[in-house]
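No hydrogens, no waters, no symmetry mates; every other heavy atom, side chains included, goes into these values.
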Amino acid sequence: MRVLQDLSLSATVAGFVAVLVGFTSSVALVFQAASALGATPAQTTSWIWALGLGMGATSIVLSLRFRQPVLTAWSTPGAAVLATAATANGVGMAEATGAFIACALLITLSGATGLFARVMNRIPGAIASALLAGVLARFGMEAFLALQSQFGLVLAMLVAYLLGRRGWPRYAVPGVLVVGIVGASALGELRWSAVQWSLAWPVWTTPQFTLAGFIGVALPLFVVTMASQNLPGVAALRAAGYDTPVSPLITWTGLATLVLAPFGAYALNLAAITAAICMSPEAHADPRRRYMAAVAAGVFYLLVGLVGGAVVGLLAAFPKELVLAVAGLALLGTIGTGLAAALKDERHREAALITFLVTLSGLTLWGVGSAFWGVVAGLLALLVSRAAIRR
């Protein structure tokens, strides 16, 4: 069976690292959004169940369907939108659930009609590569900034990475993770007391559809999910050399959100940062076999959903510096490849550099993140450059 033949330890570890990074970097924001909407502890656990199930199922099915590493995630900026909307507009769980469904319908339509794919096809490869590098570079910098608070631990992980890249490149990242866990354990930094094992159960919330919820929650949630999540997600696939059709991916994430929205899946989308871990050479030397890293991540997501808060506690047991170092070092190769592709063509170099810097800056305007504005700035620079050449 081809799937079993393509499975490897490096791909499995890459999938685990992707899930580790995805959850520890933003799960607190999801909890904050649920709390702002007035969710009960049972409803909050249901959110993790629904999001884990949705991310796991879509990652596994889409990756196996296209034999390419398609990883999905929850909308991190979308969680920030929810927290803000709940505070500003007094939105509760029922009204928010109606907005989740409306957002899911908009995502599905943008995929089924091919509208989003047409937009992506008009973005030059250099801009897409610069966008990806800008999104990921922050994680690379944070890996080295972690030296300030955990010098010995992060330095040991860096040395393990450098030695691994030269001695056993396929297992460099697993080696970094092992060294990090052993080092954190020796320093007494693993917080096992945070883990409380229990199964998660879905909780149904009857949706309430209102104009205020559509305008104040659904539309902003849709915009930031498409601009700040799906846009760099597609850019990650393109920059890694995969030609996965965009429309089916967007359509299926929209449908999965639609089905699971009453249980707390507020917005599912393509992943970029965690997907880049699954697309990197560290996942597998053969790009045709890296899809198994996304499949492995999907399995871990399903497990996270089933045991809910227990796995969140397990992931929280790792010190922040360990997670930052693993993520940053795992993404170094992808960052370098993205920058090389972005700056290769002199005609697009300035526009690509502007895209990279704006994206890296973390700029947020009108609730829309820097990934969108990086593309806007890069395309504007490209248009001005072409107009000047024509003159």
Side-chain angles (χ1 to χ4, degrees), residues 7-26 69 71 132-133 135-192 194-195 236 240 271-287 289-290 292-294 296-297 299-300 311 314-340:
L7 183 63
S8 64
L9 175 62
S10 58
T12 303
V13 172
F16 174 76
V17 170
V19 173
L20 172 67
V21 172
F23 263 86
T24 55
S25 63
S26 59
L71 190 64
L132 176 64
V135 169
L136 302 182
R138 184 176 298 276
F139 281 78
M141 293 190 299
E142 288 179 348
F144 293 101
L145 285 173
L147 285 164
Q148 293 179 154
S149 52
Q150 284 285 359
F151 182 81
L153 175 64
V154 177
L155 180 62
M157 295 171 71
L158 176 59
V159 171
Y161 174 80
L162 294 174
L163 293 175
R165 287 292 295 159
R166 283 145 187 82
W168 51 92
R170 279 186 60 185
Y171 303 103
V173 174
V176 169
L177 181 60
V178 170
V179 169
I181 292 175
V182 172
S185 179
L187 294 170
E189 294 290 335
L190 293 180
R191 299 178 290 273
W192 299 118
V195 183
I273 296 166
T274 50
I277 296 173
C278 296
M279 298 175 200
S280 68
E282 283 74 20
H284 202 282
D286 186 352
R289 297 178 64 181
R290 292 174 192 166
M292 285 305 299
V299 173
F300 288 122
V311 172
L314 178 63
L315 298 178
F318 292 101
K320 178 181 69 175
E321 293 83 1
L322 185 153
V323 176
L324 292 175
V326 170
L329 295 174
L331 292 169
L332 280 182
T334 306
I335 295 170
T337 301
L339 280 173

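- Across all non-hydrogen atoms, the minimal contact from C278 to A297 is SG-CB, 4.5 Å.
- Shown here are the side chain to side chain contact (heavy atoms under 4.5 Å, CB included) partners of A156, two or more places apart in sequence or in another chain: V179.
- Shown here for L71 and A18, the closest heavy-atom pair between the two residues is CD2-CB, 4.1 Å.
- Take A143 and apply the side chain to side chain contact (heavy atoms under 4.5 Å, CB included) test, not counting sequence neighbours, and it matches no residue.
- Residues F300 and V17 fail the side-chain proximity criterion, which asks for heavy atoms closer than 4.5 Å.
- Once rounded to the nearest 0.5 Å, the distance linking CG of L153 with CG of L158 reads 11.5 Å.
- Nearest heavy atom pair, residue M279 against residue A240, reads SD-CB, 3.7 Å.
- Listed by chain and number, the residues in a side chain to side chain contact (heavy atoms under 4.5 Å, CB included) with L163 are V159 (sequence neighbours excluded).
- Nearest heavy-atom pair across L147 and L155 is CD2-N, 3.7 Å.
- What you find for H284 and R290 is that their closest heavy atoms are O-NE, 2.8 Å.
- Partners of A325 by side chain to side chain contact (heavy atoms under 4.5 Å, CB included), not counting sequence neighbours, listed by chain and number: V154, M157.
- A pairwise comparison of heavy atoms in A160 and V176 identifies C-CG2, 4.3 Å as the closest pair.
- Taken to the nearest 0.5 Å, the CG atom of L7 stands 4.5 Å off from the OG1 atom of T12.
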